[in-house]
Amino acid sequence: MRDVAPDASPSAADSDSRPFLTLSLPDLVTELATVAQREPLFARAAALSVDLRTELVRLSGENVPAPKRRRTAPRQTVRTARATARLLKAFEVECEALGTTLQQVRDEGSVMTSQQLSDLRLGERTRKVFQEAGLIHVQDLASLPADRAVTIPQLTPASLSELRAAIMFAAEIAGTHRQQLPPTLTQDIDLFAGLVQGMNQLPAHERETVALRTGVVDRVHAIEEVALVLGCPVEEVVQFERHALELLLSQPASLETCWRLEAMCIQLGLGWEDERVPTVVASLYPATQATYTRLVLWLMREKAKLVARVNGGPVVVPQGVAHFEEMVVAALGRYGQLSKDSLTTHVRAALPPDDREAYADIEVSERVRILGPAVQIGDDTFRLPDAPIPGFEDRHIRALNGLIGALQKLGSARIAALTTEVNRRLPRQYKVKEEYVRTWLTQHPELFTQSEADRFKLATLDVDILCGITSSWLPAGSPTVAANAPQLGAVFVQRLRGRLAKDVAEFLRREGPQPIGRIRSHLYGRSVGLASADSVIAAYPHLFVREPDSTVRLRPDDETAEPDLYELGNLLETTTSHHRYFWQRS
């Protein structure tokens with residue numbers, strides 16, 4: 001711009017300067033927008049120019065022409081072809097996976113092909129896409145080719161993935177799902193790879209909410225803490241958590257991860273609430289991010305709630321094998337060093353009927369190797385440590401079962417010899433005196449009997465592993481022990497009669513009504529004394545009927561019933577408050 005003379009008027013200066021303004025402000029905005037559209041780096045600036053152009057029209061009243069877009073047809077065509085190829089490949093993978101899932105469901109005995117898509121657990125958008133495409137039943141998608149799927153409007157590979165997860169969920173609700181086995185133990189297996197990938201696809205707020213609420217980071221955070229971190233109300237945190245759950249359970253990888261961890265818990269007899277599950281995962285699968293175990297356990301519990309809600313039944317969360325550690329200590333305290341096969345046999349035999357059915361193939365040695373309480377010698381043998389087990393009250397368990405094991409080994413022995421044998425099995429801190437051994441032998445006639453002067457033997461060889469085990473160590477001969485001795489005996493007899501009653505019931509179901517003599521022969525060698533056939537039949541009148549001719553049969557209305565082996569009545573209610581028996585059910 002040239003200089004203006006001092007005596008020149010403003011109007012003259014303005015008229016002289018106008019030739020030097022090649023663009024007006026609206027034209028300048030249009031030109032800048034056109035230039036910004038040419039470079040991907042300024043794509044956001046080009047988008048903002050639209051708002052600026054609108055604002056200029058409002059303020060000045062001038063008509064600002066829209067910037068002309070640069071022709072990018074050749075480049076756009078190449079990009080679309082590549083995207084189409086990738087999309088077709090993704091559809092091929094999902095269609096193949098969908099066919100595999102349907103085949104697995106059919107093999108498990110569930111027919112899903114005739115089921116309507118509207119009955120499955122699908123999102124509203126996915127349901128609408130299938131409906132507008134005329135896909136009503138699962139069989140419409142069972143053999144859907146990938147090239148046909150690409151042409152369906154708004155259908156994405158994620159929609160087929162969601163359908164696959166819905167079919168898997170429906171199979172679990174129907175009860176036909178067969179538990180998947182966890183992958184083979186190798187160093188490079190990531191047990192949670194699919195779940196972690198799905199977790200990373202969640203929106204940021206929902207991903208952070210789930211990570212904090214399930215303890216993926218360090219610990220489980222309360223809802224109020226998460227709300228403070230995110231800077232939002234508590235109600236929004238609840239919504240984030242619910243929506244994240246819906247998204248995760250709509251991914252097949254998340255369901256497969258849950259099934260694998262469930263299978264691992266069944267193999268090791270662990271409950272879903274057991275805090276040691278992450279330790280087991282880290283030990284078996286070193287390449288897995290064990291901190292995600294809490295997230296998977298949360299998904300497993302929430303999935304169980306959804307299944308129970310659909311079926312109208314109670315929520316079943318497995319609690320694992322009750323008193324597993326006590327049974328291991330009792331078996332090793334009684335029999336000494338055991339091979340992994342022998343230890344497994346003893347522990348499985350001591351399982352209650354419900355646990356034996358739920359954990360029929362429990363891998364005892366693998367769990368003991370990882371979590372204890374025994375010490376592994378070499379590759380095939382376990383023994384108890386030569387010191388007290390940290391965090392576990394094992395003194396009474398080891399001493400009493402050591403006494404039982406000594407009598408099983410010696411047949412009969414004097415108190416001095418029994419004391420020596422028991423102390424040989426115990427750590428130095430747990431050594432007992434003869435007076436303790438004498439009190440046990442004389443105060444528990446259901447377990448021990450005097451064969452000669454100062455010689456004792458077992459009253460029966462069928463002694464339960466958990467028999468007489470208490471959680472506290474009390475001096476022998478104390479008033480508490482003496483007062484509870486009859487109750488301990490009653491508990492033992494009740495358990496023994498319960499096992500024999502089940503045996504007799506199965507025998508009668510198989511053979512029909514039988515004379516009492518044949519039942520006695522059937523039980524010969526299984527019990528003596530207090531648990532004879534006559535006492536067993538008399539103890540369960542709701543199950544057995546004894547005719548005048550001494551024939552015993554099952555009651556017709558109770559033929560499918562089984563005796564409650566752990567219904568102890570009021571026997572345990574009279575014990576002192578600081579006593580708790582390991583066979584007592586909560």
Side-chain angles (χ1 to χ4, degrees), residues 94 118 120-130 154-170 172-173 190-262 265 272-275 277-278 281 288-311 315-317:
E94 286 298 332
S118 58
L120 297 178
R121 188 175 175 273
L122 296 172
E124 188 61 32
R125 179 191 174 281
T126 304
R127 197 186 310 274
K128 185 177 180 180
V129 170
F130 288 144
Q154 298 184 350
L155 183 66
T156 63
S159 302
L160 296 181
S161 178
E162 184 180 351
L163 173 62
R164 186 156 57 96
I167 293 174
M168 296 164 63
F169 193 81
E172 183 169 354
I173 292 176
D190 188 351
L191 194 63
F192 303 150
L195 175 66
V196 174
Q197 183 179 1
M199 179 80 168
N200 294 333
Q201 295 175 359
L202 294 178
H205 280 0
E206 296 177 1
R207 181 172 63 251
E208 191 169 1
T209 297
V210 172
L212 293 174
R213 289 286 292 138
T214 59
V216 170
V217 181
D218 51 358
R219 61 178 179 85
V220 177
H221 291 70
I223 294 182
E224 293 76 12
E225 294 178 310
V226 178
L228 187 61
V229 172
L230 298 181
C232 65
V234 173
E235 293 76 11
E236 290 190 15
V237 176
V238 177
Q239 294 177 2
F240 291 156
E241 189 174 345
R242 289 293 96 189
H243 190 240
L245 174 67
E246 294 293 331
L247 291 178
L248 289 176
L249 291 183
S250 65
Q251 300 172 1
S254 298
L255 291 178
E256 291 174 352
T257 301
C258 290
W259 288 349
R260 291 194 187 102
L261 192 61
E262 290 173 16
C265 290
W272 295 359
E273 304 289 348
D274 199 316
E275 297 179 353
V277 176
V281 171
T288 300
Q289 302 181 54
T291 54
Y292 278 87
T293 306
R294 298 188 184 95
L295 170 61
V296 183
L297 293 172
W298 173 69
L299 286 176
M300 289 160 55
R301 291 190 295 268
E302 295 299 321
K303 178 168 62 68
K305 294 177 183 178
L306 292 175
V307 172
R309 189 182 308 160
V310 174
N311 290 332
V315 180
V316 179
V317 177

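Everything numeric here is computed off the predicted structure, so don't read it as measured data. Sequential numbering from 1 along the given sequence is applied to the chain's residues.
Side-chain contact check for C232 versus V237: some heavy-atom pair is nearer than 4.5 Å. With a 4.5 Å cut-off on side-chain heavy atoms, V220 and T214 do not count as touching. Using a 4.5 Å heavy-atom threshold, the side chains of F192 and R260 count as separate. No side-chain heavy atom of S159 sits less than 4.5 Å from a side-chain heavy atom of Q154. Counting only heavy atoms from C-beta outward, the side chains of L195 and L295 approach each other to under 4.5 Å. Residues V226 and V234 fail the side-chain proximity criterion, which asks for heavy atoms closer than 4.5 Å.
The two residues A290 and T293 have their closest heavy-atom pair at O-OG1, 2.6 Å. The two residues L122 and L163 make their nearest non-hydrogen contact at CD2-CA, 3.8 Å. Summarising the geometry of L191 relative to T288, their closest heavy-atom pair is N-OG1, 2.8 Å, with the distance given to 0.1 Å. Between L202 and A244 the shortest heavy-atom distance is CD1-CB, 4.1 Å. In this structure, V316 and A304 approach most closely via the heavy-atom pair O-CB, 4.0 Å.
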Query raised in the report: For V210 and W298, what are the C-alpha separation, side-chain angles and deciding distance, and is it a side chain to side chain contact (heavy atoms under 4.5 Å, CB included)?
Result: CA-CA 10 Å; V210 172; W298 173 69; 4.1 Å; yes
Requested in this report: Evaluate side chain to side chain contact (heavy atoms under 4.5 Å, CB included) for R301 paired with W272, printing each intermediate quantity in order.
Outcome: CA-CA 8 Å; R301 291 190 295 268; W272 295 359; 4.3 Å; yes
Requested in this report: Give the intermediate values and the outcome of side chain to side chain contact (heavy atoms under 4.5 Å, CB included) for residues T257 and Y292.
Outcome: CA-CA 11 Å; T257 301; Y292 278 87; over 6 Å; no
Requested in this report: List the steps, then state whether side chain to side chain contact (heavy atoms under 4.5 Å, CB included) holds for F130 with L155.
Outcome: CA-CA 8 Å; F130 288 144; L155 183 66; 3.5 Å; yes
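Taking CG of L228 as the reference point, atom CD1 of I223 lies at 14.0 Å (rounded to 0.5 Å). To the nearest 0.5 Å, atoms CD1 (I173) and CZ (R121) are separated by 8.0 Å. Between atom CG of residue L245 and atom OG1 of residue T209 there is a gap of 12.5 Å, rounded to the nearest 0.5 Å. Note that CG of D190 is 11.0 Å distant from CD of Q197, once rounded to the nearest 0.5 Å.
Side-chain N/O atoms of W259 and E172 include a donor and acceptor closer than 3.5 Å.
Applying the salt bridge (Lys or Arg N to Asp or Glu O under 4.0 Å) test to R213 and every residue at least two apart in sequence or in another chain returns E241. Applying the salt bridge (Lys or Arg N to Asp or Glu O under 4.0 Å) rule to R164 yields the partners E94; only residues at least two apart in sequence or on another chain are considered. The salt bridge (Lys or Arg N to Asp or Glu O under 4.0 Å) search around E162 returns none, not counting sequence neighbours.
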Scan the side chains in residues 248-255 for donor-acceptor partners under 3.5 Å anywhere in the protein, sequence neighbours excluded, and list what turns up.
| unit_1 | atom_1 | unit_2 | atom_2 | d |
| --- | --- | --- | --- | --- |
| S250 | OG | E246 | O | 3.3 |
| S250 | OG | L247 | O | 2.6 |
| S254 | OG | L248 | O | 3.0 |

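For the side chain to side chain donor-acceptor pair (under 3.5 Å) condition, the pairs that include at least one residue of residues 225-237, sequence neighbours left out, are R219-E225. The ring-ring contact (aromatic ring centres under 6.0 Å, His included) analysis of residues 194-246, with sequence neighbours excluded, yields the pairs H205-F240.
With hydrogens and angles disregarded, a donor-acceptor distance shorter than 3.5 Å links the side chain of R294 to the backbone of G215.
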